[in-house]
Amino acid sequence: MDTAIIDQERRLVTELPGPLSNELDARRRAAVASGVSSVYPLYVARGAGAILVDVDGNQLIDLGAGIAVASIGHAHPDIVAAVQRQVAEFSHTCFMVSPYEQYVAVCEALAAVTPGDHDKRSALFNSGAEAVENAVKIARHATGRAGVVVFDHAYHGRTNLTMALTAKNMPYKDRMGPFASEVYRVPMSYPYRDPEGMTGEEAAERAIELIERQVGVANTGCLVIEPIQGEGGFIVPAPGFLPALAEWCRANGVLFVADEVQTGFCRTGDWFACDDEGVVPDLITTAKAMAGGMPLAAVTGRADIMESVHSGGLGGTYGGNPVACVSALASIEVMQRDDLAAAARRIGATVTETLRGLQADLQGIGDIRGRGAMMAMEFVRPGTSEPDADAAKRIVAACHRAGVVTLSCGSYGNIVRLLPPLVITDGLLADGLAVLADAVHTALD
Ligand code: PLZ
């Protein structure tokens with residue numbers, strides 16, 4: 001089936017969810033653990049570009065991209081061709097047993113596109129959480145210091161160590177401890193909720209003072225931070241925050257680890273969110289959009305740090321699987337060739353205009369924020385900054401009922417976020433935003 005011929009338009013042929021999605025949902029309830037939830041029960045049959053087609057034949061606009069993964073769109077022909085070719089050649093040897101060029105080529109590409117022009121090395125893994133865990137392993141090994149500093153509202157994954165790094169208890173951690181030790185949490189720069197006028201440098205000082213007093217520099221191996229927080233609420237720190245932290249890290253032998261699993265690969269209008277202020281991390285974790293939908297993740301970092309780990313100290317059966325690697329190489333090429341960073345900036349401008357219009361017309365939108373194609377609205381009770389999670393929930397559900405996939409997020413669950421494929425057409429984006437605007441009006445009027 002040639003998925004490329006799916007028209008890039010929203011088309012509903014049943015109520016949503018339709019009968020076949022409902023049937024699948026009944027089967028799911030009897031077979032799939034309910035701990036694994038879905039935002040809305042529309043079962044997908046295929047996709048192309050920014051359109052998903054459900055099992056009932058409804059065409060949905062995807063403004064979530066599978067949580068920032070499908071940046072070059074669904075079923076991109078270059079990915080389809082690269083993956084099909086690779087599967088027919090070989091799909092697994094385990095790089096730790098019999099190596100292959102595809103793994104090497106991905107590490108070369110990562111060295112080229114990640115921030116900084118220093119000598120770099122990479123190691124490949126399967127998921128964002130696995131990459132973050134490995135970044136911590138490497139940082140501890142390189143520095144001989146166990147302490148890991150993370151931030152309020154952070155999200156870094158669901159494995160035991162990354163649960164410890166993740167801030168929010170429900171739904172990620174509740175009754176799932178004990179958690180890994182030597183993890184210390186400090187305040188994030190959160191301009192909407194910080195004291196009025198607090199600068200990035202002041203917010204950095206607030207965090208640094210705590211680290212120095214409660215952990216001690218000599219015990220701190222690394223600081224792990226999302227340059228724009230994802231699951232925690234699309235929180236963009238005040239300008240100066242990241243550079244001040246990076247500077248403090250450099251001065252104190254603490255490694256600055258940027259978790260760009262969600263923000264990376266053109267999403268924010270640059271190749272990486274760190275690029276916006278010229279911050280060069282010691283280690284950077286990537287996943288999601290890197291491989292266009294195949295599971296692949298990486299830790300990339302300064303050669304001296306990466307090379308401090310003894311031979312055999314890093315790995316995993318599937319890490320850097322060849323099929324995922326060719327998918328990554330194809331995705332990165334599309335991002336370069338089609339300048340998807342510029343596309344993200346254009347999407348950001350369009351989305352910002354719509355969201356600002358809504359904020360001006362309605363009570364209850366406390367903040368509009370984000371960068372590039374990573375934009376969000378924070379809902380609050382009118383006239384206060386009290387989180388309104390219910391509004392966000394109703395808006396996401398109303399969008400889905402009208403055929404537009406959106407997501408919520410945030411420590412308080414009161415944020416609606418948009419992460420469209422960077423290849424979305426102007427027409428689809430406009431239609432998706434019109435549906436969103438209707439849903440917001442209905443929820444807040
Ligand atoms: N670091 C910054 O955004 C994954 C989580 C969805 P994995 N975000 C989506 C959920 O509820 O499980 C993420 C991230 C950042 C790490 C991760 C973890 O990446 O590939 O989900 O392990």
Side-chain angles (χ1 to χ4, degrees), residues 32-40 64-71 114 124-137 148 150-174 176 180 183 188 222-237 242 256-265 267-268 272-274 281 283-300 316 318-321 324 327-328 331 370-371 373-374 376 396 405-411 413 415 417-419:
V32 179
S34 53
V36 182
S37 66
S38 298
V39 177
Y40 205 78
I67 322 190
V69 171
S71 288
T114 53
L124 304 184
F125 304 98
N126 303 294
S127 68
E130 207 190 341
V132 174
E133 285 235 21
N134 276 279
V136 170
K137 283 165 61 174
V148 181
V150 289
F151 290 79
D152 200 5
H153 312 290
Y155 184 90
H156 297 293
R158 293 175 180 266
T159 59
N160 186 262
L161 174 59
T162 59
M163 268 194 295
L165 307 182
T166 290
K168 193 177 177 181
N169 178 51
M170 275 302 268
Y172 305 124
K173 305 163 69 165
D174 198 48
M176 291 170 181
V183 174
M188 178 66 178
C222 65
L223 179 155
V224 181
I225 188 164
E226 301 154 87
I228 296 177
Q229 289 182 322
E231 304 306 305
F234 279 31
I235 300 167
V236 185
L242 295 172
F256 184 95
V257 182
D259 180 353
E260 293 235 23
V261 164
Q262 189 154 164
T263 49
F265 289 94
R267 173 56 52 188
T268 63
F272 292 92
C274 278
L283 300 175
I284 181 168
T285 56
T286 52
K288 292 191 183 276
M290 166 164 60
M294 298 297 286
L296 188 70
V299 181
T300 300
Y318 292 110
N321 168 273
S327 190
S331 303
R371 192 184 298 147
M374 182 172 182
V396 168
V405 176
T406 56
L407 303 167
S408 63
C409 67
S411 291
I415 288 153
R417 58 170 156 169
L418 302 177
L419 291 162

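First listed ligand is number 1; within each ligand, the first listed atom is number 1. Quantities reported herein were computed from a predicted structural model and do not represent experimental measurements. The basis for the numbers below is simple: all heavy atoms, side chains too, and nothing from hydrogens, waters or symmetry mates.
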Test log, rule side-chain contact (heavy atoms from CB on, under 4.5 Å), inputs Met374 and Phe234: CA-CA 7 Å; Met374 182 172 182; Phe234 279 31; 3.3 Å; yes
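- Counting heavy atoms closer than 4.0 Å to ligand 1, residue Ser127 contributes atoms from both its backbone and its side chain.
- Heavy atoms of Glu130 stay at 4.0 angstrom or farther from ligand 1.
- A salt bridge does not link Lys288 with Glu260: none of the charged nitrogens is closer than 4.0 Å to a carboxylate oxygen.
- Residue-level proximity to ligand 1 for Glu231 is carried by the side chain, the only part with a heavy atom below 4.0 angstrom.
- Interface atoms of ligand 1 facing Arg158, defined by a heavy-atom separation under 4.0 Å, are 10 (C), 11 (O), 12 (O).
- Distance check for atom 21 (O) of ligand 1: every protein heavy atom is found at 4.0 Å or beyond.
- For ligand 1, the atoms sitting less than 4.0 Å from at least one non-hydrogen atom of Asp259 are 1 (N), 2 (C), 15 (C), 16 (C), numbered in the order shown with element in parentheses.
- Geometrically, ligand 1 and Lys288 share a nitrogen or oxygen pair separated by less than 3.5 Å.
- At a 4.0 Å cut-off, at least one heavy atom of Gly128 sits close enough to ligand 1 to count as contact.
- At a 3.5 angstrom cut-off on N or O pairs, Tyr172 does not count as close to ligand 1.
- Those atoms of ligand 1 that come under 4.0 Å of a heavy atom in Gln262, given as number and element, are 3 (O), 8 (N).
- For ligand 1, the atoms lying closer than 4.0 Å to a non-hydrogen atom of Ile67 are 6 (C), 9 (C).
- From the protein, the heavy atom lying nearest to atom 16 (C) of ligand 1 is His156 O, 3.4 Å.
- Which parts of ligand 1 touch Glu226 is read off a 4.0 Å heavy-atom cut-off, strictly below it: atoms 2 (C).
- Counted within 6.0 Å of OH on Tyr318, heavy atoms from surrounding residues, nucleotides or ligands total 12 or fewer; the atom is thus considered open.
- Distances between N or O atoms of Val261 and those of ligand 1 include no value under 3.5 Å.
- Remark: of the listed residues Arg417, His153, Lys168, Arg417 is the sole one forming a side-chain hydrogen bond (donor to acceptor under 3.5 Å, both in side chains) with Glu231.
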